[in-house]
Chemist: 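For reference, the structure I am asking about is given below.
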Amino acid sequence: MQKLKENKSFCLLFFLALFGFSIGLFDNYRELWMNTNGLSTTTISHVISVSYIVTVFVLFYFTIRVSTNKLKWGICITLALNMITGAILICLNGTENAFLIKFLMFFNIAFSQLILASVYPLMMNISKDDILYTKKSFVESLFSKLGFLLVAVLLGKTIFHTLVEYNICLLLSVIFNFLAFVVLMAVSLENNTEERFNMKKTIHYFNQNKVLYFFLFVNFLGDMIWGAILGMPMLLLTDNLGFSSSFASFCILGLGICSNILSMLVVKHFRFKNDHGNLMIKYGIRVLLYIVVFITNSKMVLLGTLIYLFLTDLPYSFIFGSYFINNIEEKYSLFLTTLKYCSSLLGKAIGTFFCGLVFHLDLRYFVIPALIIGIIHYIFASILIEKRELIVKKN
């Protein structure tokens, strides 16, 4: 046991496993919980969007002002606040106190996102290598899916004379959040001295490599499309397509696992040498499917589109990110990774806002935001590929 405590990398991965499990237990059902408590789909989309935007500003502040050796206590405080807001929300279930529910849920989402974004910088205080980063991504994804699977199996069943519903999911999430908090508190991190973040040098470096701004803009547009059509996936599948919450859970989970498997196959066997081909498979076909949904106004076509979106979520993700993140100077890599995460959150926030506005319109109008942004994104993504190829040739 003492050896395990001294293995800081293992302890942080164990913390991430517990927190990832808590995320899987409730995050996918968060919008359904809010909906059963009287919040409209438009209001839910606004709560999610604003919380993402606030997370972006707080995370940006953390990156600039807080050194990695102080992150542990920042995450511990955020975990505690996350537990407190979650516990109060459990008590507010069924009370119809819409304002307080919106207010607390807004912070609860932001706290969860902030913790997830801060784990890797914390790990960098121990070890800066690709192996730990890969383990971090694997553990987070695996245990989030396991939490999601557990709820999908138990939802609607009676256990120990208690019906497992959305509020029970929130309760379980808070419990595992507490376990993660205990593990993180037990991890001892040395206060290593480190070079303080230099904003002037960073801005100068990015100004010399303006393609990085373009890369972040394309990343922002890509996640805006995702939010515009899948900002509230469980509500979309249950309200608009008529699935039960359990069936919708298994659909999202199963397609997510298939996407993980496909991503490995794509890297080994289905990767085009010309990234314009990769771009067409991942994003071009999506635009064509949005056009077909707009023309047909068919639920079956929308369902097929959603399946394709989920399946292609992870495959071909190397088109943009891998080159720019792997070829930037090491001292700026963490900042670029943070900016990429922030641009993704900001894109999802705006996309989810649009999703709430068109959620109850005809399907052809529901896909209009994704269709318009998708066309713009495809054009700019093609230009980014050309810019990257020019940089490669010069080097």
Side-chain angles (χ1 to χ4, degrees), residues 1-27 55 58-84 86 108-148 150 172-195 197 260 325-326 330-331 333-342 344-345:
M1 182 61 71
Q2 185 62 31
K3 287 185 177 180
L4 287 179
K5 281 187 177 182
E6 291 174 357
N7 189 336
K8 299 183 178 82
S9 297
F10 173 82
C11 290
L12 286 180
L13 289 172
F14 186 41
F15 153 75
L16 185 61
L18 291 170
F19 186 72
F21 196 77
S22 76
I23 292 290
L25 288 170
F26 182 66
D27 258 36
T55 304
V58 176
L59 182 58
F60 194 75
Y61 174 81
F62 269 33
T63 303
I64 296 173
R65 305 296 298 178
V66 180
S67 58
T68 54
N69 52 39
K70 294 179 181 176
L71 266 181
K72 173 192 168 180
W73 298 109
I75 295 176
C76 285
I77 292 169
T78 308
L79 272 168
L81 293 173
N82 199 36
M83 285 187 289
I84 292 169
N108 191 259
I109 296 171
F111 291 147
S112 296
Q113 291 295 328
L114 191 59
I115 293 165
L116 287 174
S118 302
V119 171
Y120 184 57
L122 183 66
M123 287 181 169
M124 289 185 72
N125 199 40
I126 296 173
S127 175
K128 298 182 181 181
D129 58 59
D130 293 337
I131 295 175
L132 185 59
Y133 181 76
T134 303
K135 288 180 179 178
K136 176 257 180 192
S137 300
F138 174 77
V139 168
E140 180 185 325
S141 176
L142 174 64
F143 281 87
S144 176
K145 285 183 172 65
L146 288 175
F148 193 10
L150 178 64
L172 291 172
S173 179
V174 171
I175 291 171
F176 276 89
N177 200 347
F178 173 73
L179 294 176
F181 174 80
V182 171
V183 171
L184 185 59
M185 286 291 291
V187 180
S188 176
L189 298 176
E190 295 88 359
N191 289 323
N192 301 322
T193 58
E194 59 179 47
E195 184 181 351
F197 181 85
N260 276 282
I325 290 174
N326 291 332
E330 185 180 353
K331 60 183 176 181
S333 61
L334 178 58
F335 187 63
L336 180 62
T337 304
T338 302
L339 288 180
K340 183 178 180 294
Y341 189 85
C342 288
S344 294
L345 276 182

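FYI, side chains are in, hydrogens and waters are out, and symmetry mates aren't considered; it's all heavy atoms of this structure. We number each residue from 1, following the sequence as shown.
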Chemist: I need the I23 CD1 to N177 CG distance, nearest 0.5 Å.
Modeler: 7.5 Å
Chemist: Within a reach of under 6.0 Å around OH of Y341, are more than 12 heavy atoms found that belong to other residues, nucleotides or ligands?
Modeler: yes
Chemist: Restricting to side-chain hydrogen bond (donor to acceptor under 3.5 Å, both in side chains), what partner residues turn up for S344, sequence neighbours left out?
Modeler: N219, D223
Chemist: Taking all non-hydrogen atoms of both residues, which atom of F26 and which atom of S173 are closest, and how far apart?
Modeler: CB-CB, 3.8 Å
Chemist: Please report the interatomic distance OG(S141) to CG(L146), rounded to the nearest 0.5 Å.
Modeler: 9.5 Å
Chemist: State, to 0.1 Å, how close M185 and K72 come at their nearest heavy-atom pair, and which atoms those are.
Modeler: O-NZ, 3.4 Å
Chemist: Could you give the distance from SG (C342) to CG (L59), rounded to the nearest 0.5 Å?
Modeler: 4.0 Å
Chemist: Enumerate the residue pairs fulfilling side chain to side chain donor-acceptor pair (under 3.5 Å) with a member in residues 15-27, sequence neighbours excluded, ordered by first and then second residue.
Modeler: D27-R30
Chemist: Using a 4.5 Å cut-off on heavy atoms from C-beta on, say whether the side chain of L12 contacts that of L184.
Modeler: yes
Chemist: Apply the test side chain to side chain contact (heavy atoms under 4.5 Å, CB included) to residues F19 and L116: give CA-CA distance (whole Å), side-chain angles for both, the deciding distance (0.1 Å), then the verdict.
Modeler: CA-CA 9 Å; F19 186 72; L116 287 174; 3.8 Å; yes
Chemist: About how many Å separate CD1 of I109 and CG of L114, when rounded to the nearest 0.5 Å?
Modeler: 13.5 Å
Chemist: Compare every heavy atom of G74 with every heavy atom of T78, then report the nearest pair and how far apart it is.
Modeler: OG1-O, 2.7 Å
Chemist: Could you report the tightest heavy-atom contact between T55 and L345, atom names first, then the distance?
Modeler: CG2-CD1, 3.7 Å
Chemist: Calculate, to the nearest 0.5 Å, the distance between atoms CD and CD1 belonging to Q113 and I115 respectively.
Modeler: 10.0 Å
Chemist: Taking only residues two or more places apart in sequence or in another chain, which ones pass ring pair (Phe, Tyr, Trp, His ring centres under 6.0 Å) with F148?
Modeler: Y29
Chemist: Restricting to non-hydrogen atoms, name the atom on V183 and the atom on C11 that form the minimum distance, rounded to 0.1 Å.
Modeler: CG1-O, 3.6 Å
Chemist: Closest approach of A180 and F15, non-hydrogen atoms and distance?
Modeler: O-CD1, 3.2 Å
Chemist: CG/L16 to CZ/F14 distance, rounded to the nearest 0.5 angstrom?
Modeler: 11.5 Å
Chemist: Side chains of F10 and L13, heavy atoms from C-beta outward: is any pair under 4.5 Å?
Modeler: no
Chemist: Once you measure the plane-to-plane angle for F143 and F21, does it fall in the parallel (<30°), tilted (30-60°) or perpendicular (>60°) bin?
Modeler: perpendicular
Chemist: Please say which of V174, V182, I175 ends up in a side chain to side chain contact (heavy atoms under 4.5 Å, CB included) with F178.
Modeler: V182
Chemist: In sequence, state the C-alpha distance, the side-chain angles, and the governing distance for V119 and E140, and then conclude on side chain to side chain contact (heavy atoms under 4.5 Å, CB included).
Modeler: CA-CA 10 Å; V119 171; E140 180 185 325; over 6 Å; no
